[in-house]
2 protein chains.
Amino acid sequence: MKDPRLLTDDALANGVAVRLERLLGLFRRLSPPHELSLTATSVLATLERSGPGRLTVLAAREGVTQPAMTQLISRLEEADLAAREPDPADGRVVLVRMTATGRAMLARRREIRAGRLAVMLAALTPDDRAALAAALPAMDALASAVPGDETLAAARPLS
Amino acid sequence: MKDPRLLTDDALANGVAVRLERLLGLFRRLSPPHELSLTATSVLATLERSGPGRLTVLAAREGVTQPAMTQLISRLEEADLAAREPDPADGRVVLVRMTATGRAMLARRREIRAGRLAVMLAALTPDDRAALAAALPAMDALASAVPGDETLAAARPLS
DNA sequence: TATTGTTATACTCTATAACTATA
DNA sequence: TATAGTTATAGAGTATAACAATA
């Protein structure tokens, strides 16, 4: 332990896990209230980031069952936030895509959240803000390291 | 914008919000599956951090209604994770506290989560790990800036 | 016969409204 | 009369099991 800036892997994991737990609570309070479930929001975000995908793949990614995803997509479809499309190559498959309305709603929610977060960030010290800014790429790397985070089209339904 | 390390407040807020959104998904997948609801976990964590508190205050903090909290506490009590106590000073009040079992369960969940996170952190570059370690105090400051994050005993039921 | 998705049914969690007990 | 909490009832969201359609 020659370099005090570096923690052991275990200590860092504990530290990050604890902060994520607390920031999760913060995030929930920052988010516009329950017009949309947490999973629904996550599915829309996935569709926006990775493009249209199979229902089975979406279910595996969100950690819910296939029937649950069927119903969730039905609800999103009813609200005009997502849409089902047939797969020309395989008649059994349903491809789920995001609608323009869904994209707009996601953008609006993010705007509200960012606005509230900006108020809180303004209360931090400049050093803290700089540290957060410097950690953004690392957060991206961490989020991208999630197994199964390829494009939806390529991903398989989990072995 | 003389210093490239510093973003505008709005850009930083957007950046942090986007990362929190993605890391939230990561965190959900890292957590041991649904033996305990997200709100239940959050309540236990709050009780551990801030000590015993009123049911009304807990409800306000978690953003759920008072009846929902009544039922949640009943479930936690049945599982021996939390306990109700009367308030000697006011016969209407119920004080909720955490049990030793609840504390142990929370610790076990964190251990599992940290273990899984350690694997993912090991895949990052040393620079990324250092950036995350350097941002931990800022994350604490951010989480502590949440309005109503005083001790539960002092907090009021939200005006 | 295996795979993709849907339907049927039950359980958990939360909300709103009505109620009880204490201040 | 106001406040703290509970009970009653309804709805959203999820899981498991059984089913239909395509490969």
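Every heavy atom of this structure was used, including side-chain atoms; hydrogens, water molecules and symmetry mates were not. Chain letters run A, B, ... following the sequence lines, proteins first, then strands; residues in each count from 1.
Not one side-chain nitrogen or oxygen of A:Thr65 sits closer than 4.0 Å to the OP1 or OP2 atom of D:dT14.
Between the side chain of B:Arg129 and the backbone N or O of B:Leu124 there is at least one donor-acceptor pair closer than 3.5 Å. Without hydrogens or angle criteria, A:Ser42 side chain to A:Leu38 main chain gives no donor-acceptor distance under 3.5 Å. Between the side chain of B:Thr101 and the backbone N or O of B:Leu81, no donor-acceptor pair lies under 3.5 Å.
Here the nucleotide nearest the side chain of A:Thr70, chosen from C:dG5, C:dC13, D:dT6, is C:dG5. Relative to the side chain of A:Gln71, the nucleotides D:dA15, C:dT4, C:dT6 differ in distance, and D:dA15 lies closest. The B:Leu55 side chain lies nearest to D:dT6 when the options are D:dA17, C:dG5, D:dT6. The side chain of B:Arg75 sits closest to C:dT14 out of C:dT14, C:dT16, C:dG5. If you check C:dC13, D:dA17, C:dG5 against the side chain of A:Val94, the one that comes closest is C:dG5. Side-chain proximity of B:Arg92 to D:dA17, C:dA21, C:dT4: nearest is C:dA21.
Within 4.0 Å of A:Thr39, counting heavy atoms only, lie sugar-phosphate atoms of the nucleic acid but no base atom.
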Donor-acceptor contacts, no H, no angles, side chain residues 66-73 of chain B, under 3.5 Å, sequence neighbours left out:
from	atom 1	to	atom 2	distance (Å)
B:Gln66	NE2	B:Thr56	OG1	2.9
B:Thr70	OG1	B:Gln66	O	3.2

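Closest-nucleotide positions on DNA chain D for A:Met69 and A:Ala89 were compared, and the one nearer the 5' end corresponds to A:Met69.
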